[in-house]
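Just so it is clear, the structure is predicted and the values come from calculations on it, not from any experiment. Excluded from the calculations below are hydrogen atoms, water molecules and symmetry mates; all remaining heavy atoms, backbone and side chain alike, are included.
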Amino acid sequence: MLRAGIIGASGYTGAELLRTIAQHPGMEVAYATGDTQAGTRAAALYPSLAAHYPGLVFESFDPARADGLDVVFLGLPHEASLALAPQLVGTVGCVVDLSAAYRLKDASLYPQWYGFTHDQPGLLGDAVYGLPERHRSELKGAGLVATPGCHVTAATLALAPLVERGLVATTGIVVNS
């Protein structure tokens with residue numbers, strides 16, 4: 001059984017992760033944070049999760065509580081993930097970041113595209129872009145997975161077969177979604 005942690009479990013993406021993991025036969029939630037909801041039962045905040053997590057209480061973030069977990073999901077804003085990932089990479093099996101903090105390889109592009117300065121350029125080289133349909137082999141054994149956003153996932157999966165067959169040029173593509 002894989003032991004998972006969800007940092008930011010009390011927020012929208014964290015609650016969706018709780019729902020998803022509840023349905024996964026080989027994974028269990030061992031640690032769930034929600035700093036603004038620390039001390040609150042998950043079932044009280046999300047009654048639909050009561051049957052799956054009757055005793056789960058959101059905690060404040062403590063990197064030592066995540067040590068040794070198989071996977072830790074970061075369901076946080078970009079800059080919060082940027083700050084916490086270095087505390088977790090190497091101490092857990094895999095960090096899966098749902099924000100954009102590690103999506104781009106070039107730290108100088110972050111102010112333009114995401115509005116913040118990236119201060120962890122060393123981890124950018126280690127992050128694997130988490131679109132399994134396109135990067136499955138690189139994801140095996142990754143210590144840090146940077147998940148793509150929903151719009152880029154839809155655009156990539158729709159356009160990739162056309163690009164691969166030479167039916168669409170690789171420059172000048174605009175996706176307005």
Give the cluster check for [X] versus [Y]: same hydrophobic cluster or not, with ILVMFWY residues linked at side-chain heavy-atom distances below 4.5 Å.
X      : Y      : answer
Leu124 : Val152 : no
Val57  : Tyr53  : no
Ile6   : Val92  : no
Leu123 : Leu109 : yes
Leu144 : Leu139 : no

Q.
Using a 3.5 Å distance criterion without hydrogens, assess whether the side chain of Asp70 forms a donor-acceptor pair with backbone atoms of Arg3.
A.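 A pair under 3.5 Å: yes.
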Q: Please check if the side chain of His78 supplies one atom and the backbone of Ala100 the other of a donor-acceptor pair under 3.5 Å.
A: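 Between the backbone of Ala100 and the side chain of His78 there is a qualifying donor-acceptor contact (under 3.5 Å).
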Distance in Å, [X] [atom1] paired with [Y] [atom2], rounded so as to fall on 0.5 Å steps:
X      : Y      : atom1 : atom2 : value
Leu167 : Leu159 : CG    : CG    : 11.0 Å
Ser81  : Tyr102 : OG    : OH    : 8.0 Å
Asp97  : Leu74  : CG    : CG    : 5.0 Å
Leu69  : Leu88  : CG    : CG    : 9.0 Å
Thr33  : Phe58  : OG1   : CZ    : 9.0 Å
Thr153 : Tyr129 : OG1   : OH    : 6.0 Å

[X] versus [Y]: any side-chain heavy-atom pair under 4.5 Å?
X      : Y     : answer
Glu28  : Ile21 : no
Leu76  : Leu84 : yes
Leu49  : Leu56 : no
Thr147 : Val96 : yes
Ser10  : Thr40 : no
Arg19  : His52 : no

**Q.** Residue list, ring pair (Phe, Tyr, Trp, His ring centres under 6.0 Å) with Tyr46, at least two apart or on another chain
**A.**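 Scan of Tyr46 (ring pair (Phe, Tyr, Trp, His ring centres under 6.0 Å), adjacent residues dropped) gives none.
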Taking all atoms of both residues into account, what is the closest heavy-atom pair of [X] and [Y], and its distance?
X      : Y      : value
Phe73  : Leu17  : CB-CD1, 3.5 Å
Ala32  : Ala9   : CB-CB, 3.7 Å
Ala66  : Val72  : CB-CG2, 4.1 Å
Gly75  : Leu98  : CA-CD1, 4.3 Å
Val89  : Gly143 : CG2-O, 4.3 Å
His151 : Ser177 : ND1-OG, 2.8 Å

Q. With Arg103, which residues qualify under salt bridge (Lys or Arg N to Asp or Glu O under 4.0 Å), at least two apart?
A.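 Here no residue qualifies.
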Q: Would you please classify the geometry between the Tyr110 ring and the His118 ring as parallel, tilted or perpendicular, with 30° and 60° separating the classes?
A: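 Geometry flag for Tyr110 against His118: tilted rings.
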